[in-house]
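Below is one structure, written out as structure tokens; comments come after it.
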Protein chains: 2
Amino acid sequence: MSAEERRESVVRAAITEFARSGYNGTSTEAIARRVGVSQPYLFRLFPNKEAIFLAASRRCLEDTNRVFESASEGLEGDEALHAMAGAYQKLIAEDPEKLHMQMQMCVAVASAEAAGDHAFGESVRADWLDLWDTVHLALGADVKETTTFLAYGMLINTLLSLGFPPGNRVWSGVYDSARPAGD
Amino acid sequence: MSAEERRESVVRAAITEFARSGYNGTSTEAIARRVGVSQPYLFRLFPNKEAIFLAASRRCLEDTNRVFESASEGLEGDEALHAMAGAYQKLIAEDPEKLHMQMQMCVAVASAEAAGDHAFGESVRADWLDLWDTVHLALGADVKETTTFLAYGMLINTLLSLGFPPGNRVWSGVYDSARPAGD
DNA sequence: CGAGAAAGCTATTGGCCACTCACTAACTTT
DNA sequence: AAAGTTAGTGAGTGGCCAATAGCTTTCTCG
């Protein structure tokens, strides 16, 4: 397998592991095991652990961006909104790790900034802005709509991270089309 | 100093340290140093590191709950909403670590649940429900209002964690009264 | 004062983990 | 077939960290 292909599978494995246990809670060995490769070899493919985390973070935001882009393609206004909400629900149901990874990314950026490392945050913010713009465009460049949509998304992320089961009253005010299934 | 008073200062120090570096990124020695006490002594005050994190998490949610309760006291409807939004802004400005701790708490619960430990999540969910009820009551038991308020709160947490400076376009749709100062 | 309890410390240990080094095996090119 | 490159490994290493054991100091109260 070529180095590039290996890097690709490392990124996928890293998303799974980092989503579950966070940056500091994930050992490079856990990632290597999931890839099916020796742990030292990761350091031939990436300069260090941070680089793996960054690659996983970026991939995750790009994927989410793509989900919104393709869901809203050709639609506008309320139709685009519901299409994106539905797509998000589907993402949550099929790929909850992406969402957990996003949370891990947030706290990792906060920690990095606190430690004086701004490069990581810079990169993540750029990707997040892309996401913001995608939503903004799809919702007819209405700032209020965009903000509310993303706000609901963040609430959903939070409630899911905290493990509130579908049916709990905290879900009662969330758009049906974006709620986790099962309620 | 009595053990109870020490525990109190440990909780405060723990909030600062865990907020900055997360559960796995924070050493018990960092907490002990901040308290001004030897590292092993922490384990006389708390059974283990997890218990310290749990205490810090609960404290943090209780404090936020109290902020909303006292801000909305005697008010209702839009007045209560703006009072709470303003109080949240003040909390953010004066005590950003509380907010970072909340994010850390979220991902810690997610990790604990994934690892099969549901006790921690149970406790945090109970405290979060208290918070939900406080907001719900203050906003006249309007589910939609409550959800939107909390959703905006979560968006603000996320954007602050990611380090978006005041003035960035991602803030443009956030209620003025809840935005970070400086814009 | 004296004794017990509570507060607090030093020293240590066993385990984990990011990262390095030096090597092998297979494939490619000349 | 010689020379070189690329994928990959096994065996460490130094450092950190949660938790324990056992000791000293300080307070309290009869």
Would you mind classifying the nucleic acid contact of A:S38 as base, sugar-phosphate or nothing, using non-hydrogen atoms under 4.0 angstrom? base

Mapping B:P40 and B:S2 to their closest nucleotides on DNA chain C, which lands nearer the 5' end? B:S2

Checking A:F43 against A:T28 for the side-chain contact (heavy atoms from CB on, under 4.5 Å) test, could you report, in this order, the C-alpha distance in whole Å, the side-chain angles of both residues, the deciding distance, and whether it holds? CA-CA 9 Å; A:F43 295 90; A:T28 54; 3.8 Å; yes

Rounded to whole angstroms, how far apart are CD on B:Q39 and C1' on C:dA11? 12 Å

Classify the side chain of B:R44 and the base of C:dG8 as holding, or not holding, a donor-acceptor pair under 3.5 Å. yes

Kindly point out which of D:dG10, D:dA7, D:dT20 is positioned nearest to the side chain of A:A3? D:dA7

Would you kindly give the CE-to-P distance between B:M1 and C:dC9, to the nearest whole Å? 11 Å

A:E97 with A:R12: basic N within carboxylate O range, under 4.0 Å: no

Using a strict cut-off of less than 4.0 Å between a Lys/Arg side-chain nitrogen and an Asp/Glu carboxylate oxygen, indicate whether B:E122 and B:R125 qualify as a salt bridge. yes

Between P of C:dT12 and CZ of B:F43, the distance in whole Å: 19 Å

Nucleotide D:dG15, atom P - distance to CD of B:E29 in whole Å: 15 Å

Answer yes when A:E17 and A:R20 have at least one side-chain N-carboxylate O distance shorter than 4.0 Å, and no when they do not. no

Are any of A:T28's side-chain N or O atoms less than 4.0 Å away from OP1 or OP2 of C:dC17? no

Rounded distance in Å - CG (A:L42) to C1' (D:dA7): 13 Å

If you only use heavy atoms from C-beta on, which nucleotide in D:dT9, C:dC9, D:dC17 is closest to the side chain of B:V37? C:dC9

Nearest-nucleotide check on DNA chain C, A:P47 vs A:G25; residue mapping nearer the 5' end is A:G25

From CG of B:N24 over to P of C:dG15, roughly how many Å is that when rounded to an integer? 19 Å

d(CD1, A:I52; P, C:dC19) in whole Å: 8 Å

Calculate the interatomic distance between B:K49 atom NZ and D:dA19 atom P; express it in whole Å. 8 Å

Under a 4.5 Å cut-off applied to non-hydrogen side-chain atoms, are A:D127 and A:N65 in contact? no

